[in-house]
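Okay, structure first, notes after.
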2 protein chains.
Amino acid sequence: MRIGELAVKAGVSVRALRYYEEQHLLAPERSPSGQRRYPDAALDRVQWIQQLYAAGLPSKKIVELLPCLDTGVSTSATLALLTAERERIHTQITGLVKMRDKLDTLIAVAQQTAPRST
Amino acid sequence: MRIGELAVKAGVSVRALRYYEEQHLLAPERSPSGQRRYPDAALDRVQWIQQLYAAGLPSKKIVELLPCLDTGVSTSATLALLTAERERIHTQITGLVKMRDKLDTLIAVAQQTAPRST
DNA sequence: CTTGCCTCTGACGTCAACGTCAGGTTCTAG
DNA sequence: CTAGAACCTGACGTTGACGTCAGAGGCAAG
């Protein structure tokens, strides 16, 4: 699979895929002429990467986690990282939930105050 | 209240407070010599700002929301913005929850695989 | 064979929320 | 009155995940 095809399937830019390679998140084979060839498994991997980025992890942490994500096997180091990130994400969730509730309150007040369309 | 004191109370840097002013998130009075003087209400406001930043809102959106946050009164425009951001945050929460669950699964597997300390 | 799309490697640009440094002023304690 | 802390205004630096452009090579179709 070439880079353009993978980009479309994964919904990311070609530039992003090259960037992931720079960050050692992907290591595609090369055709004789030097073009990148990705195996089908790369699609899953790219989606993992995207979701981890969305969860606030930087490339460095993702690199350290990837072997574990592929194999399902953790060293004590990756296990520590997993639990640490889990905690971070959990904390972030609780913060976001509080904010969502605050906004809900504001919205409720606003809808009682503004529209006289009853 | 001067800028250093507010910074300590709010747990942010002095630089951050000046930056907030640049972004029109704060508009402190000035002493005759030109030093910033903040009212007590500024503390609440700074905490709002921090939490909104943490929820992923950029300065621009926060500016538009601030009048509503102070007064509790929404125009139709701010109401739209409130609901839009609420949705965004909600979406982000569900994504994060899924990721947390994935990590929990990985951690559980890892703890079954690695430690033979039973 | 050439047209046109895909790909390659640099390398500079972007954006947001600050950090940091320089050079100067103001406030407060002794 | 003076030393030191706190404050001021620029203005450049930082970080991360890419966007974008330049110039060159590769590949299938007609």
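Chain letters run A, B, ... following the sequence lines, proteins first, then strands; residues in each count from 1. Given the structure is predicted, the values throughout are model-derived calculations rather than measurements.
- Under 4.0 angstrom from either OP1 or OP2 of C:dT9 there lies at least one side-chain N or O belonging to A:R30.
- Residues A:S13 and A:Y19 bring no donor and acceptor atom of their side chains to less than 3.5 Å of each other.
- Look at CD1 on A:I49: it is 15 Å from C1' on D:dG16, rounded to the nearest Å.
- If you take NZ of B:K60 and P of C:dA16, they are 8 Å apart, rounded to a whole angstrom.
- Here D:dC7 presents its P atom at 10 Å from CG of B:L17, a figure rounded to the nearest Å.
- Looking at which nucleotide of DNA chain D each of A:S31 and A:Q23 is closest to, the 5′-most match is held by A:Q23.
- To the nearest angstrom, C1' of D:dT9 lies 12 Å from CD1 of B:I3.
- Nearer to the 5' terminus of DNA chain C, by closest-nucleotide assignment, is the contact made by B:R15 (compared with the other of B:R15 and B:R2).
- If you check C:dC8, C:dA17, D:dC7 against the side chain of B:S59, the one that comes closest is C:dA17.
- Residue A:I62 contributes atom CD1, which lies 11 Å from atom C1' of D:dA17 at whole-angstrom precision.
- A salt bridge links A:R30 to A:E21: one of the charged nitrogens lies within less than 4.0 Å of a carboxylate oxygen.
- Side-chain proximity of A:Y20 to D:dC18, D:dA17, C:dA17: nearest is D:dC18.
- Atom-to-atom, NZ of B:K61 to P of C:dC15 comes out at 16 Å; the value is rounded to the nearest Å.
- Side-chain proximity of A:R36 to C:dA17, D:dT9, C:dC8: nearest is C:dC8.
- Using a 4.0 Å heavy-atom cutoff across all strands shown, A:R18 reaches at least one base atom of the nucleic acid.
- At least one side-chain nitrogen or oxygen of A:Y19 sits closer than 4.0 Å to the OP1 or OP2 atom of D:dA17.
- You'll find the side chain of B:Q23 stays beyond 4.5 Å of the side chain of B:K60, heavy atoms only.
- Side-chain N/O atoms of A:R37 and A:Q35 include a donor and acceptor closer than 3.5 Å.
- The A:S13 side chain lies nearest to D:dC18 when the options are D:dC18, C:dC8, C:dC18.
- Nucleotide D:dA11 holds its C1' atom 11 Å from the CD atom of B:E22, rounded to whole Å.
- Using a 4.0 Å cut-off between a side-chain N of Lys or Arg and a carboxylate O of Asp or Glu, B:R2 and B:E5 do not qualify as a salt bridge.
- Taking 4.0 angstrom as the limit, A:S33 places a side-chain polar atom (N or O) nearer than this to OP1 or OP2 of D:dC27.
- Computed from coordinates, the A:L52 CG to D:dG16 P distance equals 16 Å when rounded to whole Å.
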